[in-house]
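The next block holds one structure in the form of structure tokens; read it before the comments.
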Amino acid sequence: MRQSNLFTKTRKLAPKDEVSKNAQLLIRAGFIHKEMAGVYSYLPLGRVVLEKIERIVRDEMNKIGGQEIKMATLHPSEPWKQTGAWDNVDVVFKILSRTEKEYTIGQSEEEIATPIAQEYITSYKDLPLALYQIGQKYRDELRAKSGIMRGREFTMKDMYSFHETQEDFDRFYHTAKEAYLRVYERCGLVAKATEASGGAFTTKLSYEFMVLTDAGEDDILYCDKCSYCVNAEISDSKAGGGCTRCNIGSLARAKASEVGNIFDLGTKYAKDFDFTYKNRDGKNVHPIMGCFGIGITRLMGVIVEACSDEKGIVWPKEVSPFAVHLIAITGGNKDIIAEADRLYELLVDNGIDVLFDDRDTRAGEKFADADLIGISTRLIISEKTMTEGSVEMISRVDGVSTMIPDSEVIRRLTD
RNA sequence: CGGGCCGUCGUAUACCGGUAGUACGCAUGCUUUGGGAGCAUGUAGACUGGGUUCAAUUCCCAGCGGCCCGACCA
């Protein structure tokens, strides 16, 4: 894309109504637009980052057998009353139509996913099943905060699984946990699978996936030697105490942000909806369910919190809005403009995802904007590089600059 | 929801009981062109509603909106 066509512009100053780093940087760089507290629109750059995160999540969910669906956002009130959530969950938005009918908008989708599965699962042969979607969620939070990390509207991947036995659930739970860790790794983050409370409907533990960041809302204790990690709210241990799993390391305390959660729902929802299937003995039994969430928009916020410096965002490669930021330093020189255009077309023709700063502005402004926007790889073409028959490649991460001969540019970018 | 702070051009801010200044942006022109250029000219503003006052953007009250701390967090 040509940057001269990008309708958003960067800002030098952070908005005064945002304190969180993620919101300040994303607004300054033109990724998001605030509608009200806790609700943001995603502009071209922000939208494409979300799409890249979704692509990773979709890929990993498909790999473990998830089937993607798209559930309704506007929900009838009946299933919510059936599970008790209508009266017991205070973040549920309630809508009254002009004919006085009650509706809700999805804050989670067990109430929709369970009846869908119920329609098709009639035999043990239909199990296991994992359905997921990536969609908007709405929660009537008393206090939105931390930019896009805790909003009233957000994007979530939510998966619901159905199993014949506890053993099969445990197997899938483990598989999903591994998939989740791959998702975060591909997003450039280090997440810890953290033992936490199982929520309202089970006494078992659940796993929360935590990324260490000072912007986080949770306190965790993690072992400095093994992968053990526990939410401080359910732990009797203290920082500096010994790890009870490996008996070698000691526990450290840190702030972290939850970027995913996986739950054992047991038979709670199957019972609420009177959902049974015929088992191998011809008996009607309830399936065991699990739910598996990843906050897509929160993940984007956490990435910005974790991957940024004083100049702006530093997107990890796989979620960078573009693979390459091509910057033309032309000084109005027509030959350089023509050469930059040629290189841009060459990159596009080779399927490289490129943002081309073809604007008629000075070098300093282009560099400052590029630092702020944070595309992982930068290519610079200027009088200096042209006389050498090369292009300058700079990594946003470490600032390392390399001169690359014209003829090798495509190969270097597609390696 | 309890507590605190705050609402001034598009953005960020200043001053003030007598209708508002600066910077950035934006527009036009000239110069400039590898780290947010310079000069000139122009553009654009007091959240809403009450109250006090000769006079309110300024003081008071309420509403609305925003941020923070806490609580909450299927």
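Throughout, protein chains are lettered first and strands after them, A, B, ... in sequence-line order, and every chain is numbered starting at 1. Keep in mind that the numbers below use all heavy atoms, side chains included, and drop hydrogens, waters and symmetry copies. Since the structure is predicted, the reported quantities are computational estimates derived from the model, not experimental observations.
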Could you work out the separation of B:A55 and B:A14 based on their P atoms and round it to a whole Å? 29 Å

Point to revise | C1' atoms of B:U57 and B:U8, separation to the nearest Å | key: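 That atom pair is separated by 7 Å.
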
Report task. Decide yes or no, distance alone: a donor-acceptor N/O pair under 3.5 angstrom between the base of B:G36 and the side-chain of A:D369. Result -> yes

Note to self: Base of B:G35, side chain of A:D371 - is there a donor-acceptor contact under 3.5 Å?
What the structure shows: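 A donor-acceptor contact between them is present.
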
*Within 45° of the six-membered ring axis of A:Y207 and under 6.0 Å from that ring's centre, is NZ or CZ of A:K177 located there?*
yes

Go ahead and name the base partner of [N]; Watson-Crick or wobble counts if both distances stay under 3.5 Å, otherwise write none.
N: B:C16; result: none
N: B:G36; result: none
N: B:U43; result: B:G25
N: B:U52; result: none

The answer to which of A:F367 and A:R11 contacts RNA chain B further toward the 5' end, by nearest nucleotide, is A:R11

- Message: Quick check on RNA chain B: between A:S146 and A:R378, whose nearest nucleotide comes earlier from the 5' end?
- Response: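 Going by which nucleotide is closer to the 5' end, it is A:R378.
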
Anti/syn call for B:U31, syn if |chi| within 90°: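 Base orientation: anti.
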
Tell me: [atom1] of [X] to [atom2] of [N], nearest whole Å?
X: A:I329; N: B:G36; atom1: CD1; atom2: C1'; result: 12 Å
X: A:K145; N: B:C72; atom1: NZ; atom2: P; result: 13 Å
X: A:E18; N: B:U11; atom1: CD; atom2: P; result: 13 Å
X: A:K21; N: B:C68; atom1: NZ; atom2: P; result: 15 Å
X: A:E111; N: B:A74; atom1: CD; atom2: C1'; result: 9 Å
X: A:R143; N: B:C69; atom1: CZ; atom2: P; result: 5 Å
X: A:E110; N: B:A74; atom1: CD; atom2: C1'; result: 7 Å
X: A:R298; N: B:A74; atom1: CZ; atom2: P; result: 11 Å

What does [X] touch in the nucleic acid at a heavy-atom separation under 4.0 angstrom: a base, only the sugar-phosphate, or nothing?
X: A:T10; result: base
X: A:K34; result: sugar-phosphate
X: A:A363; result: sugar-phosphate
X: A:R150; result: base
X: A:E109; result: nothing

With the side chain counted from C-beta on, respond yes when [X] and [Y] share a heavy-atom pair under 4.5 Å apart, and no when they do not.
X: A:T385; Y: A:E339; value: no
X: A:L43; Y: A:F31; value: no
X: A:V324; Y: A:L413; value: yes
X: A:M289; Y: A:S161; value: no

What's the closest nucleotide to the side chain of [X] if the choices are [options]?
X: A:R362; options: B:G66, B:C1, B:U32; result: B:U32
X: A:A368; options: B:C1, B:G36, B:C67; result: B:G36
X: A:R28; options: B:A74, B:A71, B:G36; result: B:G36
X: A:V19; options: B:A12, B:A74, B:C67; result: B:C67
X: A:M36; options: B:G35, B:G66, B:C72; result: B:G66

Check: Under 4.0 Å: is that the gap between some side-chain N or O of A:K16 and OP1 or OP2 of B:U8?
Finding: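 The answer is yes; a side-chain N or O of A:K16 sits under 4.0 Å from OP1 or OP2.
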
Check your understanding: Taking the six-membered ring where the residue is Trp, are the ring centres of A:F93 and A:Y138 under 6.0 Å apart?
Key -> no

*Are more than 12 heavy atoms from other residues, nucleotides or ligands located less than 6.0 Å from atom CG of A:D214?*
no

